[in-house]
Amino acid sequence: MPEVALAVSTPRIAAIEYPLGRTLGQPGDAAGQLAVLRAILTALESIQTPGGIVHLPFEWPDLLGDKFGEPPSPPPIVGYILRHPWQVTRLLNRDVPE
Amino acid sequence: MPEPTTYHRCGAILSENMEKTVDSYRFISGITRRMLRTWVGMEHPRPIPWTPLRKPLKDCRVALLSSAGIALKTDKPFDQDGERRNPWWGDPSYRILPKSATSANVNLYHLHIDPRPAQQDLNCLFPLARLLELEQMGEIGAATERHYSIMGYILKPEQLLQETVPAIIRDLRADQADVVVLVPA
């Protein structure tokens, strides 16, 4: 998520359009994972200015049944917000209760 | 009982469009997408830390840092019950992983991602075996002996920033790491 990384002043960013939980590629795909890791390290050498970003040219395949990294059950905060919908404003404002 | 998901072995596909611009939110939906977009808009520009790369990659010692909540099965799990009791809280501690870690000897403790692909093959989010291959091929100097994981769901990052991050930096200096690859999960 390069937009998030840029917003928090990450020194060098190798952006990839892969789902969370599989940021390097599919399980068992050693060649694909190696290509991505090599591209990340190449970006490290090529980026010469603070905040530099390289958009890696990999495409995630659309596969039937792929949930794109969604957890098996919703995270606790999602259940909490569904039960307390008025608290969504606090979440969006990053106003975390003590 | 839902159908188990099958993760196809497909290989990385290079885009036809070499000028590809990555869509940050393609695989993010619902409240998480709304939250991240709002939070990005709340950040103000600040100085970007910068350390030049002082030697060629083939001479660098490289470490990995993941936010996937990875811990050795013999180590203390990240505290998921604490998050279940208080969904605004996430465990801000970190774990050390040896370079020999595989999906057979670690667990993932992260309630916001699907841990199953990495439980099959840790390298799909923590590419230790791939890093060791680059070492064997002479493309990096070495993989460090130790690698690191935090659990990335931290809404209040004070303890993470004030205690965990300085401790990881101390460890990375002791490991003589030249390069750290932060792998978001």
Side-chain angles (χ1 to χ4, degrees), chain A residues 1-5 7-11 15-38 40-41 44-45 50-51 55-61 63 65-72 75-81 88 91-94 96-97, chain B residues 5-15 17-18 20-28 31 34-36 38-40 42-43 46-51 53 57 83-84 87-88 111-115 117-118 120-121 123-125 127 130-131 133-134 139-140 153 155-156 179 181 183-185:
Chain A
M1 287 180 281
E3 200 174 296
V4 177
V8 296
S9 303
T10 307
I16 191 161
E17 202 172 274
Y18 277 12
L20 295 177
R22 284 173 283 172
T23 23
L24 269 289
Q26 298 281 20
D29 178 19
Q33 297 160 0
L34 185 66
V36 173
L37 182 59
R38 193 178 263 140
I40 292 167
L41 292 169
L44 167 73
E45 283 193 304
H55 289 259
L56 302 182
F58 297 101
E59 289 288 347
W60 191 257
L63 297 170
D66 194 340
K67 303 278 190 201
F68 302 129
E70 279 182 35
I77 191 70
V78 171
Y80 176 86
I81 294 296
V88 75
L91 184 64
L92 294 176
N93 290 333
R94 219 152 52 186
V96 178
Chain B
T5 311
T6 309
Y7 297 100
H8 302 265
R9 185 183 164 136
C10 65
I13 300 168
L14 278 176
S15 173
N17 172 16
M18 294 305 283
K20 180 180 177 67
T21 301
V22 168
D23 174 358
S24 294
Y25 304 103
R26 176 168 163 210
F27 300 114
I28 310 288
I31 186 80
R34 206 173 140 203
M35 191 179 83
L36 287 172
T38 310
W39 288 10
V40 162
M42 287 161 68
E43 293 294 335
R46 61 183 115 156
I48 301 174
W50 181 255
T51 308
L53 191 62
L57 206 49
E83 185 185 332
R84 290 189 185 100
W88 299 93
L111 296 168
H112 302 253
I113 60 168
D114 185 350
Q120 280 179 43
D121 176 6
N123 295 290
C124 66
L125 53 66
R130 304 293 86 80
L131 197 63
E133 287 166 12
L134 290 176
E139 294 184 39
I140 61 166
Y153 175 75
L155 296 184
K156 270 177 76 79
V179 167
V181 180
V183 190

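FYI, side chains are in, hydrogens and waters are out, and symmetry mates aren't considered; it's all heavy atoms of this structure.
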Looking only at A/L44, A/I40, A/V88, most heavy-atom pairs under 4.5 Å shared with chain B are made by A/L44
Please classify the contact of B/V181 with chain A as side chain, backbone, both or neither, using a heavy-atom distance under 4.5 Å. side chain
Of the listed B/I140, B/L57, B/V179, the one with the largest count of heavy-atom pairs under 4.5 Å with chain A is B/L57
Residue pair B/W50 / A/P50: nearest heavy atoms and the distance that separates them: CE3-CA, 3.5 Å
pair A/P76-B/L111: side-chain heavy atoms closer than 4.5 Å: yes
Could you tell me if the side chain of A/R38 sits less than 4.5 Å from the side chain of B/L134, heavy atoms only? yes
Looking only at non-hydrogen atoms, find the nearest pair between B/R34 and A/L92 and report the distance. NH2-CD1, 3.3 Å
Determine the minimum heavy-atom distance between B/F27 and A/E17, stating which atoms define it. CE1-O, 3.2 Å
B/E83 portion near chain A, given a 4.5 angstrom heavy-atom threshold: both
Side chain, backbone, both or neither of A/L41 within contact of chain B (heavy atoms, under 4.5 Å): both
Let's go through A/Q26 and B/C124 carefully: what are the C-alpha distance in whole Å and the side-chain angles of both, what is the deciding distance for side chain to side chain contact (heavy atoms under 4.5 Å, CB included) to 0.1 Å, and is it a yes or a no? CA-CA 6 Å; A/Q26 298 281 20; B/C124 66; over 6 Å; no
Residues in side chain to side chain donor-acceptor pair (under 3.5 Å) contact with B/N123, at least two apart in sequence or another chain: B/D121
Contacting region of A/V78 [heavy-atom separation from chain B under 4.5 Å]: side chain
Is B/L155 close to chain A through its backbone or its side chain, or both, or neither, when contacts mean heavy atoms under 4.5 Å? both
Within the structure provided, determine whether A/L91 and B/M35 are in side-chain contact (heavy-atom separation under 4.5 Å). yes
Hey, is the main chain of A/P75 close enough, under 3.5 Å, to the side chain of B/H112 for a donor-acceptor pair? no
Can you tell which part of B/R46 gets under 4.5 Å to a heavy atom of chain A, answering side chain, backbone, both or neither? both
B/D114 side chain near A/P72 side chain, heavy-atom distance below 4.5 Å: yes
Suppose we screen for side chain to side chain donor-acceptor pair (under 3.5 Å). Which residues come up paired with A/R94, at least two apart in sequence or across chains? B/E43
Write down the atom of B/L131, the atom of A/L37, and the distance for their closest heavy-atom approach. N-CD2, 3.7 Å
Ignoring hydrogens and angles, tell me if any N or O in the side chain of A/T23 forms a donor-acceptor pair with the backbone of B/A185 under 3.5 Å. no
Under the criterion side chain to side chain contact (heavy atoms under 4.5 Å, CB included), which of A/L34, A/V36, A/L24 is the partner of B/R130? A/L34
Would you name the heavy atoms of A/A7 and B/V40 that are closest together and state the gap between them? CB-CG1, 4.0 Å
Taking C-beta and beyond as the side chain, do A/F58 and B/K20 meet within less than 4.5 Å on heavy atoms? no
Can you find a pair of side-chain heavy atoms, one from B/P184 and one from A/M1, that are under 4.5 Å apart? no
Specify the closest pair of heavy atoms between B/L53 and A/E45, including all atoms of both residues, with the distance to one decimal. CD2-CG, 3.8 Å
